[in-house]
Amino acid sequence: FYEWARMWGMLLMTFSKDLIPALNSTLYYRWMVSYFCCHSFMDKNTMGMRGYNLRMSHELIYCMYRFVAETLVLLAKCDSKNGNSGALNQRLILFDEMTMGQLMAGFPDMLGIPYQLMPVFLLSMLDQLSCIPYIDAVESYGLPSDTCPVPTSECGALVVDALPHIGSCFISSSMPCDGSTMASSYMARRFPELPTFHLCFPTQYLDESTLQCGVEDIKACIKFVEEQTGTKWSWDAYFTAMKRFNQETAYELEKWDINKTNRPQLLGPCYELFRKYNYEMDGGLDPRVMTTCEKVNKLLTKAYSSDSLAWPKDKMKYRAIIWSCPPHFYANFSNWLANCWGIDVLVEMESLNFTKPLETEDKEEALRDLARLYERMVMRRHTNGGYQNVVDELWRQCEAWNANFVIMYQHVACKNMATVQGILDEQGRERGLHMIWVEHDLMDPRTVSRSSMRAKVTEYMRTVIGASPVDPSLLEFEDDSCM
């Protein structure tokens with residue numbers, strides 16, 4: 001109840017600063033209503049947790065929701081149909097939701113937000129049914145139904161006018177795949193008056209001879225922002241933020257070191273989601289995130305020293321890694337794995353990204369490091385640059401984390417991952433790993449439902465492992481038509 005009250009207090013304080021535009025958003029956009037259910041989302045992600053793991057998870061999700069609340073208010077204040085603040089819009093730079101935010105560190109007087117994050121991306125995690133109207137709308141115009149639901153939903157949101165009319169310019173990208181390029185073209189057609197810059201980094205990012213291409217792209221993007229906004233890039237501000245980001249990365253590596261032991265301490269969906277937010281959207285920009293990282297790592301060290309466990313002992317039977325793109329409509333699937341079968345997800349693929357400390361003194365090397373970081377953004381780190389980045393990397397991680405289970409997500413509309421399915425299956429058997437293939441369609445629960453995903457795991461555990469569930473009441477329950 002304390003965490004509920006703390007969350008409500010933060011939300012009320014944030015929205016009360018600009019209450020009228022925030023309330024108006026619920027009239028203009030159907031997706032805004034789903035954010036009223038953030039407490040149920042928090043509860044779903046922490047269900048069954050106890051002790052230090054629960055406390056750390058609450059700290060992480062609170063930090064994320066503070067960012068969510070402030071971004072929602074900013075969207076409302078800047079929207080031309082709502083708050084229509086011209087001064088704020090002149091300072092606002094929009095990013096494609098899959099584009100990392102570290103570039104904004106060099107523009108401390110500007111505001112950068114991932115544009116589709118609230119109306120589409122994060123929304124689909126809170127409410128599994130939220131993107132269905134977007135998908136149906138754009139498919140009614142002839143878009144094939146086998147395309148990835150991420151760019152499909154983004155395009156559908158443009159079709160039904162579900163995105164606020166805001167910003168001084170837009171930075172798009174080809175990340176993590178060509179689907180983002182499709183969505184960017186829709187964006188340019190819907191808002192032709194909005195200046196747009198396209199970041200297109202080399203896919204063969206392990207080849208350092210291509211690095212300069214990425215550097216030149218970043219330089220051109222910086223120049224674009226300077227021309228559109230009249231502000232100048234600040235190296236002092238950038239280096240200050242990246243020093244914070246480097247420290248946050250060091251804290252993340254501490255979590256990995258402890259989770260690799262036989263007593264992992266921080267597990268569950270809240271940690272998985274925070275890692276993506278911290279790596280991609282915050283990136284050292286908000287000093288308050290450092291406070292959260294420090295607090296969580298103190299709890300982490302204390303938990304490990306006290307011989308505590310992340311889950312009750314009967315729920316810590318199997319060590320697993322999640323690989324491939326996770327289902328947005330079932331963000332707390334790892335929570336169900338632990339509570340029902342005792343399968344503990346130690347880490348997921350989208351958390352294992354670039355961990356090299358970024359340069360904070362030499363300007364040219366700093367640009368090269370920033371290019372390396374962007375080339376290895378979430379998802380792109382493994383689905384670009386050759387199959388070794390997703391296949392060979394999985395076996396290295398299984399060994400490093402001492403995991404003998406792989407929850408292998410099979411995103412039915414992802415063409416990149418489909419090309420290596422046979423290789424993964426064959427090499428996984430050779431290594432004696434238990435690979436549980438779980439199909440999903442990312443943001444569309446109609447293709448593969450949550451219950452179908454659970455059934456795949458249950459079938460494997462019963463027929464191959466011969467195991468009994470930790471909690472049989474969680475084997476079957478109806479949740480296909482709820483949030």
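Keep in mind that this is a model prediction, so the values were computed, not measured.
- Smallest separation of non-hydrogen atoms from Leu194 and Leu94: CD2-CD1, 4.0 Å.
- No donor-acceptor distance shorter than 3.5 angstrom exists from the side chain of Asn384 to the backbone of Thr203, with no hydrogens or angles considered.
- The shortest non-hydrogen separation linking Arg244 to Met290 is O-CE, 3.4 Å.
- Judged purely by atom type and a 3.5 angstrom limit, Arg319 uses its side chain to pair as donor or acceptor with the backbone of Trp401.
- In this structure, Glu375 does not pair ionically with Arg372, as no charged nitrogen and carboxylate oxygen lie closer than 4.0 Å.
- Atom CG of Leu367 sits about 5.5 Å away from atom CD1 of Ile222, to the nearest 0.5 Å.
- Ring-centre distance between Phe197 and Phe170: not below the 6.0 Å cut-off.
- The aromatic rings of Tyr29 and Trp31 lie parallel to each other, their planes meeting at an angle below 30°, with 60° marking the opposite boundary.
- The 12-atom threshold is exceeded at NZ of Lys276, counting heavy atoms of other residues, nucleotides or ligands nearer than 6.0 Å.
- Between the Asp79 side chain and the Gly83 main chain, no donor and acceptor come within less than 3.5 Å of each other.
- Asn402 places no side-chain N or O within donor-acceptor distance of the main-chain N or O of Lys260, the cut-off being under 3.5 Å.
- At most 12 non-hydrogen atoms from other residues, nucleotides or ligands lie less than 6.0 angstrom from NZ of Lys298.
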Verdict with reasoning, Met408 to Val438, per side-chain contact (heavy atoms from CB on, under 4.5 Å): CA-CA 6 Å; Met408 181 61 67; Val438 181; over 6 Å; no
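- Using a cut-off of 4.0 Å between Lys/Arg side-chain N and Asp/Glu carboxylate O, Asp109 and Arg91 are scored as not salt-bridged.
- Considering only heavy atoms from C-beta on, Leu267 comes within 4.5 Å of Pro264 through its side chain.
- Both tests do not hold together for Arg450 against Phe329: distance to the six-membered ring centre under 6.0 Å, angle to the ring axis within 45°.
- In this structure, Arg30 places its CZ atom where only 12 or fewer heavy-atom neighbours from other residues, nucleotides or ligands lie under 6.0 Å away.
- Checked for salt-bridge contact, Arg288 and Glu70 meet the test: a charged N lies under 4.0 Å from a carboxylate O.
- For an aromatic pair to be called close, the ring centres must be under 6.0 Å apart, and Tyr409 with Trp323 fails this.
- Between Tyr65 and Tyr62, a ring centre-to-centre spacing not shorter than 6.0 Å is recorded.
- In this structure a side-chain-to-backbone donor-acceptor pair under 3.5 Å is missing from Gln116 to Asp96.
- Using modelled atom types, no side-chain atom of Tyr318 and backbone atom of Ala338 make a donor-acceptor pair closer than 3.5 Å.
- Look at Lys456 and Glu439 and you find a salt bridge, because one of the NZ, NE, NH1 or NH2 atoms lies within 4.0 Å of a carboxylate O, short of that distance.
- Aromatic ring centroids of Phe191 and His165 lie under 6.0 Å apart.
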Using side-chain contact (heavy atoms from CB on, under 4.5 Å), reason through Phe405 and Leu433 one step at a time and then give a plain yes or no. CA-CA 6 Å; Phe405 272 73; Leu433 296 172; over 6 Å; no
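- The main-chain N or O of Glu361 is found under 3.5 Å from a side-chain atom of Glu359 such that the two form a donor-acceptor pair.
- Counting non-hydrogen atoms of other residues, nucleotides and ligands closer than 6.0 Å to CD of Glu399 gives a total of 12 or fewer.
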Does Arg190 form a side-chain contact (heavy atoms from CB on, under 4.5 Å) with Asp161? I'd like the steps, not just the answer. CA-CA 9 Å; Arg190 178 63 184 87; Asp161 202 24; 3.0 Å; yes
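- Asp217 places no side-chain N or O within 3.5 Å of a backbone atom of Cys213 that could act as its donor or acceptor partner.
- Remark: side-chain polar atoms of Ser168 are paired, donor with acceptor, to backbone N or O of Leu92 under 3.5 angstrom.
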Using the rule given for side-chain contact (heavy atoms from CB on, under 4.5 Å), can you reason through Phe201 versus Arg376, listing the C-alpha separation, both sets of side-chain angles and the distance that settles it, and then say yes or no? CA-CA 10 Å; Phe201 292 99; Arg376 293 160 176 82; over 6 Å; no
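- Taking every heavy atom of both residues into account, Phe95 and Met100 meet most closely at CE2-O, 3.5 Å.
- Contact detail for Thr46 and Cys270: the closest heavy-atom pair is CG2-SG, 3.8 Å.
- Around the CD atom of Glu208, the shell of radius 6.0 Å holds more than 12 heavy atoms that belong to other residues, nucleotides or ligands.
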Checking ring pair (Phe, Tyr, Trp, His ring centres under 6.0 Å) for the pair His328/Phe121: CA distance, chi angles, key distance, verdict? CA-CA 8 Å; His328 282 216; Phe121 200 81; 4.4 Å; yes
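- No donor-acceptor pair closer than 3.5 Å links the side chain of Asp441 to the backbone N or O of Thr447.
- Inter-residue side-chain proximity for Tyr205 and Thr210 is flagged as unmet; no heavy-atom pair is nearer than 4.5 Å.
- Using a 4.0 Å cut-off between charged nitrogen and carboxylate oxygen, Glu226 and Lys223 do not count as a salt-bridge pair.
- Using a cut-off of 4.0 Å between Lys/Arg side-chain N and Asp/Glu carboxylate O, Arg381 and Glu350 are scored as not salt-bridged.
- Between Ile321 and Val345 there is no side-chain heavy-atom pair separated by less than 4.5 Å.
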